[in-house]
Amino acid sequence: MNRKSFAAIASKLPFVLLPLLLGVLYLSTHEIGSSAVLKDAEKIYIVDRTGERWDVTQAVSLGFDPKGFEYGLGKNAFTPLDDSMLTEDTTDISKNSHVIGVTDGSGAQAYTIERLWAHEVANSNIGSKPVAVSY
Amino acid sequence: MYSREIDGQTLTLVPSGWTYKHTFVLYDRETSSLWYPNKNGLMGIQGKYFKRLLPVVDHEVTRWKKWIKKHPDTKVLK
């Protein structure tokens, strides 16, 4: 190979490398969602982004695909809500807001879907009955 | 909305950080069991409460203006 043809090839290199890099980037971003799966003799684990291992052996026996668990943001990614955030102040809620409402003999409680959406779940009580509210 | 009481134990349900089929997987802090919703409630899919159910509690999904009209003394989590 002479120097001239080497230069010609080198000048074309970005056109070869760029699609390759884009391809790798595409694959890496599309792999992010699914979980890393570990198996030993008896058990199947998925590993979240904090490095925590979750045993999903029983879930797999029910038909769950270990690769189907996604994100794995870790236990502390969301702060669940509780009744300390329940208030009698019903101002500043827009009329058309969607809410989940529940009543028992003594009173009524509502949870805005907007708030539930951000926190995923509220550990609440209806009278003396403990409930989990999620949407 | 689901009951979070089972065998006399009250569970604290929190997000696991995982989703499955675009639905959040919950776990409970007391036993670390994993819970996944089906039409009857939250199903234990892993751990102490495997194959057990936290049943759906009757509730209503509505708009705030309707709810406050029917229940002017309601409390709210907003």
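Convention: sequence-line order gives letters A, B, ...; per-chain numbering from 1. Note that the structure is predicted; figures quoted are calculated from it, not measured.
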Exercise for the section: Please look at Val61(B) and chain A and tell me whether the side chain, the backbone, both or neither of the residue comes under 4.5 angstrom of a heavy atom of that chain. Expected result: both
Handout entry: From Lys95(A) atom NZ to Lys69(B) atom NZ, the distance as rounded to the nearest 0.5 Å
Key = 11.0 Å
Handout entry: Test item: Gln58(A) side-chain N/O and Gly47(B) main-chain N/O as donor-acceptor pair under 3.5 Å
Key = yes
Practice task
Sort Ile46(A) into side chain, backbone, both or neither according to what part of it lies under 4.5 angstrom from a heavy atom of chain B.
Solution key: both
Handout entry: Portion of Ser16(B) that has a non-hydrogen atom of chain A nearer than 4.5 angstrom
Key = both
Practice task
State yes or no: do Ile68(B) and Met85(A) share one hydrophobic cluster built from I, L, V, M, F, W and Y residues joined by side-chain heavy-atom distances below 4.5 Å, directly or via other members?
Solution key: no
Problem - Cluster check Val102(A), Leu116(A): I/L/V/M/F/W/Y, side chain < 4.5 angstrom - result: yes
Completion exercise
When the 4.5 angstrom heavy-atom criterion is applied to Ala132(A) and chain B, the contacting part is both
Practice task
May I ask you to name which of Asp83(A), Thr91(A), Asn76(A) has the most heavy-atom pairs under 4.5 Å with chain B?
Solution key: Thr91(A)
Problem - Single-linkage hydrophobic cluster, 4.5 Å side-chain cutoff, Val25(B) and Val47(A) together - result: no
Fill in the blank from the handout: Counting heavy-atom pairs under 4.5 Å with chain A, the top scorer among Gln46(B), Lys75(B), Lys65(B) is Gln46(B)
Practice task
Would you confirm whether Tyr20(B), through its side chain, and Asp65(A), through its main-chain N or O, come within 3.5 Å as a donor-acceptor pair?
Solution key: yes
Handout entry: Close side-chain approach of Phe69(A) to Thr19(B), heavy-atom, < 4.5 Å
Key = no
Completion exercise
Under 4.5 Å to a heavy atom of chain B? For Thr50(A) that would be neither
Completion exercise
Interface check, chain A: of Thr23(B), Val57(B), Thr62(B), most non-hydrogen pairs under 4.5 Å belong to Thr62(B)
Exercise for the section: Look only at the side chain of Lys78(B) and the backbone of Asp89(A), and say whether a donor-acceptor pair between them is shorter than 3.5 Å. Expected result: yes
Exercise for the section: For each of Leu73(A), Thr90(A), Ile93(A), Val56(A), tally heavy-atom pairs with chain B at distances under 4.5 Å, and name the one with the top tally. Expected result: Ile93(A)
Completion exercise
chain A shares the most heavy-atom pairs under 4.5 Å, among Leu26(B), Thr12(B), Leu54(B), Leu11(B), with Thr12(B)
Problem - Rounded distance [0.5 Å steps], OH in Tyr111(A) versus NE2 in His59(B) - result: 11.0 Å
Completion exercise
The interface call for Leu62(A) against chain B, heavy-atom contacts under 4.5 Å, is side chain
Problem - Per-residue contact mode, Lys51(B) against chain A (heavy atom under 4.5 angstrom) - result: side chain
Practice task
Return yes if some donor-acceptor pair links the side-chain N/O of Asn123(A) with the main-chain N/O of Leu13(B) below 3.5 Å, else return no.
Solution key: yes
Fill in the blank from the handout: With chain B, the option among Asp48(A), Val60(A), Ile126(A) that has the most non-hydrogen atom pairs under 4.5 Å is Asp48(A)
Exercise for the section: Could you point out which residue of Thr112(A), Asp82(A), Leu86(A) forms a side chain to side chain contact (heavy atoms under 4.5 Å, CB included) with Leu77(B)? Expected result: Leu86(A)
Problem - Max heavy-atom pair count under 4.5 Å with chain A, selected residue of Tyr2(B), Tyr36(B), Tyr27(B), Trp67(B) - result: Trp67(B)
Problem - Choice from Ala122(A), Ser134(A), Pro80(A), Gly107(A) maximising heavy atom contacts with chain B below 4.5 Å - result: Pro80(A)
Exercise for the section: Supply the atom-to-atom distance Trp54(A) CH2 to Trp18(B) CH2, rounded to the nearest 0.5 angstrom. Expected result: 8.5 Å
Handout entry: Donor-acceptor under 3.5 Å (Arg4(B) side chain, Lys129(A) main chain)
Key = no
Practice task
For Ser97(A) and Trp64(B), indicate whether the former's side chain and the latter's backbone hold a donor-acceptor pair under 3.5 Å.
Solution key: no
Exercise for the section: Return yes when atom CG of Asp58(B) has more than 12 non-hydrogen atoms of other residues, nucleotides or ligands closer than 6.0 Å, and no otherwise. Expected result: no
Handout entry: Under 4.5 Å from any heavy atom of chain B - which part of Ser61(A)
Key = side chain
Practice task
Can you tell which part of Glu114(A) gets under 4.5 Å to a heavy atom of chain B, answering side chain, backbone, both or neither?
Solution key: neither
Problem - Proximity breakdown for Val14(B) and chain A, heavy-atom pairs closer than 4.5 Å - result: both
Completion exercise
Scored by heavy-atom pairs under 4.5 Å with chain B, the best of Ser124(A), Ser94(A), Ala110(A) is Ala110(A)
Handout entry: Joint hydrophobic cluster, Val121(A) plus Phe78(A), side-chain heavy atoms closer than 4.5 Å
Key = no
Practice task
Could you tell me whether the side chain of Arg63(B) reaches within less than 4.5 Å of the side chain of His98(A), counting heavy atoms only?
Solution key: yes
Exercise for the section: Can you establish whether the number of heavy atoms outside Tyr135(A) located under 6.0 Å from its atom OH is more than 12? Expected result: no
Exercise for the section: Answer yes or no: is there a side-chain heavy-atom contact under 4.5 Å between Ile100(A) and Glu60(B)? Expected result: no
Handout entry: Hydrophobic cluster membership, Val133(A) vs Ile113(A), 4.5 Å side-chain cutoff
Key = yes
